[in-house]
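Note that the coordinates shown come from a computational prediction; the quantities given were computed from them, not determined experimentally. Quick note: numbers below take in every heavy atom, side chains included, and nothing from hydrogens, waters or symmetry partners.
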Amino acid sequence: MAIDALSRLSTRVLDSALPSLPLYLLQATAVIGMIGVFLIATRRGGHAMKGRRVYIGAILGLIYLFNSWFVAGYAQGVVKLNLGIDILLISGLLGGWRGGVTCLLASLLARYQFSGTQYFLPASLEAALQVLAGIWLRGRIYPRMLTHFSLRLILQAWAVRIAVTLIGLVLGVAIIGSAQLPLLELATQRVLALPVSLLVLVAVFALVYNDAQIDAQRQREHAWMRIDPVSGLPNLRALDERLQHHWRSSDDRGNACLIVTEMGNLQDLLLRYGPLNDSGLWNPHNAEAVRRTLLHARPTDAMEIYQFGDSALAILLLDASLADLRADTELPALADRLSTVIGDDWPGFRPVFRCAVVELQPPTQDDSSIPFRAVTLALNAIESGVVFFDDPIQRDSEVDALIETALDHWLQHADAPLYYQPKFRLQDRHLVGAEALLRMRDGDGHLIAPMRVVSLLRRRGRLAELEWATLQAATAFLGHCRDDGHTLTIAVNVSAESLRQPGFGARLCTLLEQQRIPGAMLRLEIVEWTEIVERDVVDANVVVLLAAGMSLSLDDFGAGYSTLILLSQLSVAEVKIERALIATLSDAKSQSIVRFIVEVAHRCGAIVVAEGTETPAQEQLLRALGVDVGQGYLYARALPPEQFRQLA
């Protein structure tokens, strides 16, 4: 009789539980789908699995609430199949204690809301056990589950789930008593749920594994983008990120310096061995040699090596200041040691290195963390050896910036600072004109050498702009001279950079017309150190200039062979003898050269100007040699505009 009663009870329990299995499978499908959607959504946000622990707990808590509402409304029977146990275990496994506690709180709310308080205590204890089991399991199999999709790991998690479920049943009986619990029905439901629970775990492990592979791929791509493909060393992007981290870190904001070294005779190496191709100049082997043999007194963990451009190497020194490195007795030998290290890779070739030492400063909002400008300025200051980017070089860079800023202002306001050095006819010392000379000063009133201004702007490709700025200022000055009733000729230096620009002649004529200046009052001195190319454009500009009454002068005649060619090709009104010849005029050979220049110039219809005339003896010799005009300290230095107008 007892057996028959037990059989009938089992049949009744199965009959009540089996219809719920399809609904249970539907729950499982929905839960797996929601977890997958969550992983995809947070993946788009860029969060790795480790950074989503609270998110995981929150979303699994919401899934638990939804599942409890669904089961309460649609499942039949006193004991209802649901995935609450699996959700709690997964929250601890994936979310750790943060995610597990978050999900546990949501489960307690759902239990109270949808199931009442009848079995609240044992259900809450079992929920807490499942979360703790998940956290314990995380410590056992995480992060292996992210790198291996293993059936063994899944079965371990499933076994823990079964064990904790049994413990939960035992706790329920101990707290409430078997008479108060539908024990057989509860046990049957838990057994029927096990296969579906295994399916859920398999799906979740698969989703998490695939998500982790995306992380791994991103990390590989991140590493590839920060490694130089030729040398295998961290590149500029890696250096920039390292410096950004250095300045952001509250515990790591000490001093730091960057040593950038490059081969000064790289072109010789390329000419001798050809393109470096895949071998490159630097590689991990010689970079490690740099780390071990250079600056060996410093800890290696405070020294990092980076590829700086195609052929330069950067050594990042943490906890080091410029003053510390200046006092380092081994640093001056850095370039020589580098030559020895790299020379081993290129037998028969002696590389020459130059090294720039720059102290790093926190970047402003718009600046890069890498001080490219400071490094470039420091490296350009030397041919070989070690240079510190300190106050003198910093001042040089500030002056360079001042020059370019001033040029922009001159172009806009036509007020380039020109002084005018008078020219006097030698026969009677009559004032016949002047040469416009640039006299720029820095913020402290110190004179900046004109050739420095010219050289910088020429390197920056702005020489033609400088020459136009001086033409604007000289034209404005000529307007004042015209108003004073003077008909002097003012000479302004121009180079091939201006003459080769299409339309330069017409543009200059327009400028003179706007100021109502006769063309005869402006003379263009063609400096000798430029090479005139694009002859069609140059000739067209010269024709326009001469037609407007302007004249041409050859500056520094005798300093090079090209002046004779220019004299034969251009219609020149004036030839200026190079000042080095005037300085040695007491020498018979210099006198012969001057006599030859005078004869050639006069045959070509040009007058001759002696630049740098400083003594009466020179003046007397020049007059005897047939030179027409003198210019130099014997007569006057370059004068400010107002003083020159008074002199005139």
Worked check of side chain to side chain contact (heavy atoms under 4.5 Å, CB included) between Leu360 and Ile370: CA-CA 8 Å; Leu360 298 172; Ile370 304 174; over 6 Å; no

Ile141 vs Leu93, side chain to side chain contact (heavy atoms under 4.5 Å, CB included): CA-CA, chis, key distance, verdict: CA-CA 9 Å; Ile141 67 174; Leu93 175 61; 3.9 Å; yes

Report the distance from atom [atom1] of [X] to atom [atom2] of [Y], rounding to the nearest 0.5 Å.
X: Trp247; Y: Arg242; atom1: CH2; atom2: CZ; answer: 10.5 Å
X: Phe308; Y: Leu379; atom1: CZ; atom2: CG; answer: 8.0 Å
X: Ile135; Y: Tyr142; atom1: CD1; atom2: OH; answer: 14.0 Å
X: Met303; Y: Ile259; atom1: CE; atom2: CD1; answer: 7.5 Å
X: Asp228; Y: Arg237; atom1: CG; atom2: CZ; answer: 12.5 Å
X: Leu88; Y: Gln130; atom1: CG; atom2: CD; answer: 6.5 Å

Which atom of [X] lies closest to which atom of [Y], heavy atoms considered:
X: Cys355; Y: Thr261; answer: SG-OG1, 3.4 Å
X: Gln213; Y: Leu146; answer: NE2-O, 3.1 Å
X: Pro351; Y: Met263; answer: CB-CE, 3.6 Å
X: Thr102; Y: Gly57; answer: CG2-C, 3.7 Å
X: Ala256; Y: Leu318; answer: CB-CD2, 4.2 Å
X: Ala312; Y: Gln307; answer: O-NE2, 3.6 Å

Do [X] and [Y] have side-chain heavy atoms sitting under 4.5 Å apart?
X: Val101; Y: Val131; value: no
X: Leu331; Y: Phe388; value: yes
X: Leu316; Y: Leu243; value: yes
X: Ser68; Y: Leu65; value: no
X: Pro332; Y: Val386; value: no
X: Leu207; Y: Ile32; value: yes
X: Phe389; Y: Val375; value: no
X: Glu126; Y: Ile85; value: yes

Identify all side-chain donor-acceptor contacts of residues 154-173 below 3.5 Å with residues at least two apart in sequence or on another chain.
{"residue": "Trp158", "atom": "NE1", "partner": "Leu194", "partner atom": "O", "Å": "3.2"}
{"residue": "Arg161", "atom": "NE", "partner": "Asp86", "partner atom": "OD1", "Å": "3.0"}
{"residue": "Arg161", "atom": "NE", "partner": "Ser197", "partner atom": "OG", "Å": "3.1"}
{"residue": "Arg161", "atom": "NH1", "partner": "Thr165", "partner atom": "OG1", "Å": "3.4"}
{"residue": "Arg161", "atom": "NH2", "partner": "Asp86", "partner atom": "OD2", "Å": "3.2"}
{"residue": "Thr165", "atom": "OG1", "partner": "Arg161", "partner atom": "O", "Å": "2.7"}

Side chain to side chain contact (heavy atoms under 4.5 Å, CB included) between Met34 and Leu62, intermediate numbers included: CA-CA 10 Å; Met34 286 188 284; Leu62 292 175; over 6 Å; no

Side chain to side chain contact (heavy atoms under 4.5 Å, CB included) between Phe353 and Leu334, intermediate numbers included: CA-CA 9 Å; Phe353 281 92; Leu334 177 58; over 6 Å; no

Exam field: side chain Asp324 to backbone Ser321, donor-acceptor pair closer than 3.5 Å: yes

Arg138 side chain to Leu94 backbone, donor-acceptor under 3.5 Å: yes

Flag if over 12 foreign heavy atoms under 6.0 Å of CZ, Arg140: no

